[in-house]
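Read through the structure below, which is laid out as structure tokens, and then see the notes.
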Amino acid sequence: MQAHLRYLAIASDQPEIVADFYKKWFGMEELGRSAKGEISITDGWLNLSLLKQPNGDNEPTGLSHFGIAVDDIGAFREQLAQASPGIELKKDVGGLHRGEYVMHDPNGTKISVSALNYHVPQIKSGSMRLRHMSLCVDTGVELRDFFTKSIGFREVKTSVTRRESGADALPFFFVGDGQVNLGFLPKKIMIEKPDRKNLQPSHIEHGWFGHIGFVVPSMQTFMDSGLPGKVAGRDMAEYRVWDPEGTAIDLSQQRGFEVDYDHWERAA
């Protein structure tokens with residue numbers, strides 16, 4: 001049974017404006033839209049769904065949740081029951097903009113699950129691909145174990161090396177599925193300079209979905225574009241920009257993102 005990160009949901013007040021941003025700057029293509037204005041776009045591997053927030057909804061705009069695609073939902077259910085018996089897999093509405101199932105990780109983060117690859121019709125590798133997602137939490141060890149033992153991802157070499165050296169008092173953990181890197185960053189450190197502009201009380205208490213990252217062929221293009229941005233001195237990021245509603249996007253050309261153990265995705 002294989003599982004891959006193939007879905008990202010962003011809560012948006014202006015899905016069309018945000019979709020146009022990702023189309024223009026990251027070459028993403030539209031998969032479809034709903035009558036109420038939800039839009040799904042893709043980089044050729046992942047479904048990025050911009051979910052329109054109904055009036056009166058208190059959920060802030062920005063990164064909402066992510067999803068995994070599995071090749072056998074029955075095998076996945078059995079694996080989950082054995083490794084994490086407290087995690088319940090429930091039916092969801094399905095369709096283009098959501099998965100057919102939903103669960104919550106041990107920290108309470110919503111995770112969609114699909115056996116239909118979130119309706120991305122084909123796999124193609126363009127010059128820009130989303131390769132990174134991050135959560136800011138105080139439960140990095142627990143989440144690393146959940147995603148490796150229950151989902152089947154692998155802890156990457158950068159994470160293992162840091163952990164074994166004992167260099168981090170509050171360690172950063174990273175896992176990968178072979179295509180995308182998922183990071184668990186210490187909330188106690190990140191809260192001093194949060195990567196999310198609209199932190200809510202629930203975020204302060206439980207943590208938050210922080211930022212995403214793309215491999216891009218030309219960093220200079222973004223630096224010269226006039227988009228708000230800043231240098232990002234991290235292991236897997238060189239520059240940071242924001243989408244129209246404030247979602248932080250890390251960019252990498254030379255450094256790349258480690259998507260599996262000692263396997264890095266960089267610009268061609």
Side-chain angles (χ1 to χ4, degrees), residues 1-9 45-47 49 63-94 98-118 120 130-164 168 170-187 202-203 205-213 236 257-263:
M1 198 284 299
Q2 293 189 355
H4 293 283
L5 289 160
R6 296 198 63 178
Y7 173 79
L8 172 66
W45 170 258
L46 181 142
N47 174 328
S49 285
L63 295 169
S64 173
H65 60 281
F66 55 85
I68 61 172
V70 299
D71 54 3
D72 187 326
I73 196 67
F76 176 70
R77 191 186 294 276
E78 291 180 8
Q79 179 173 304
L80 192 65
Q82 292 178 3
S84 299
I87 303 295
E88 185 178 2
L89 187 65
K90 300 180 180 180
K91 290 286 289 184
D92 203 357
V93 297
R98 292 166 179 80
E100 303 91 67
Y101 302 88
V102 65
M103 62 182 183
H104 291 81
D105 72 20
N107 195 57
T109 300
K110 179 180 177 180
I111 302 173
S112 291
V113 181
S114 173
L116 301 174
N117 293 327
Y118 295 95
V120 178
L130 196 153
R131 296 289 189 178
H132 174 64
M133 306 179 190
S134 78
L135 297 172
C136 300
V137 295
D138 285 335
T139 54
V141 175
E142 186 177 6
L143 291 180
R144 177 203 64 192
D145 291 347
F146 172 73
F147 279 93
T148 54
K149 296 175 182 179
S150 301
I151 308 299
F153 294 174
R154 281 77 57 192
E155 185 177 10
V156 302
K157 186 176 181 180
T158 298
S159 181
V160 173
T161 301
R162 278 180 161 178
R163 174 167 54 80
E164 292 181 345
D168 294 326
L170 294 170
F172 292 67
F173 294 103
F174 298 95
V175 300
D177 65 353
Q179 298 287 337
V180 179
N181 172 285
L182 177 62
F184 311 115
L185 314 183
K187 185 183 73 175
S202 61
H203 294 145
E205 183 178 358
H206 300 290
W208 61 89
F209 193 171
H211 63 268
I212 57 177
M236 302 182 205
F257 295 101
E258 190 179 10
V259 299
D260 214 327
Y261 189 87
D262 207 21
H263 176 70

Between [X] and [Y], which heavy-atom pair has the shortest distance, and what is it?
| X | Y | value |
| --- | --- | --- |
| Val180 | Leu130 | CG2-O, 3.9 Å |
| Val156 | Tyr261 | C-CD1, 3.9 Å |
| Arg154 | Gly178 | NH2-N, 3.5 Å |
| Ser150 | Leu80 | CB-CD1, 4.1 Å |
| Arg6 | Ala69 | CD-CB, 3.9 Å |
| Asn181 | Glu258 | ND2-O, 2.7 Å |

For [X] and [Y], take the angle between the two ring planes, folded into 0 to 90°, and tell me which bin it lands in: parallel under 30, tilted 30 to 60, perpendicular over 60.
| X | Y | result |
| --- | --- | --- |
| His132 | Phe257 | parallel |
| Tyr118 | Tyr7 | parallel |
| Phe147 | Phe153 | parallel |

Are the side chain of [X] and the backbone of [Y] linked by a donor-acceptor contact shorter than 3.5 Å?
| X | Y | result |
| --- | --- | --- |
| Lys187 | Trp208 | no |
| Asp92 | Val102 | no |
| Trp45 | Leu5 | yes |
| Ser112 | Arg98 | no |
| Ser159 | Phe173 | no |
| Asp262 | Lys157 | no |

Fill in: Arg144 NZ/CZ over Phe184 ring centroid, <6.0 Å and within 45° of normal
no

Worksheet item: Should the pair Lys90 and Tyr101 be classed as cation-pi, given the thresholds of under 6.0 Å to the six-membered ring centre and 45° from the axis?
Response: no

Could you grab the distance from atom [atom1] of [X] to atom [atom2] of [Y], nearest 0.5 Å is fine?
| X | Y | atom1 | atom2 | answer |
| --- | --- | --- | --- | --- |
| Arg77 | Gln82 | CZ | CD | 13.5 Å |
| Asp105 | Leu143 | CG | CG | 5.0 Å |
| Thr158 | Arg163 | OG1 | CZ | 12.5 Å |
| Arg131 | Leu46 | CZ | CG | 10.5 Å |
| Leu135 | Leu185 | CG | CG | 8.0 Å |
| Gln79 | Asp72 | CD | CG | 10.5 Å |

Discussion item. Among Val141, Asn107, Ile87, exactly one meets side chain to side chain contact (heavy atoms under 4.5 Å, CB included) together with Phe146. Which residue is that?
Written reply: Ile87

Discussion item. One pair to check against side chain to side chain contact (heavy atoms under 4.5 Å, CB included): Gln179 and Val259. What are the steps and the verdict?
Written reply: CA-CA 5 Å; Gln179 298 287 337; Val259 299; 5.6 Å; no

Item to complete: Would you sort out whether Glu100 and Ile73 count as a side chain to side chain contact (heavy atoms under 4.5 Å, CB included), showing the intermediate values?
Response: CA-CA 10 Å; Glu100 303 91 67; Ile73 196 67; over 6 Å; no

Fill in: Contact check, side chains of Phe209 and Leu8, non-hydrogen atoms, under 4.5 Å
yes

Practice prompt. Dump the intermediate steps for side chain to side chain contact (heavy atoms under 4.5 Å, CB included) on Ile68 and Met103, then the final yes or no.
Written response: CA-CA 11 Å; Ile68 61 172; Met103 62 182 183; 4.2 Å; yes

Practice prompt. Begin with the C-alpha distance, continue with both residues' side-chain angles, and end with the deciding distance and a verdict on side chain to side chain contact (heavy atoms under 4.5 Å, CB included) for Ile111 and Ile151.
Written response: CA-CA 11 Å; Ile111 302 173; Ile151 308 299; 5.9 Å; no

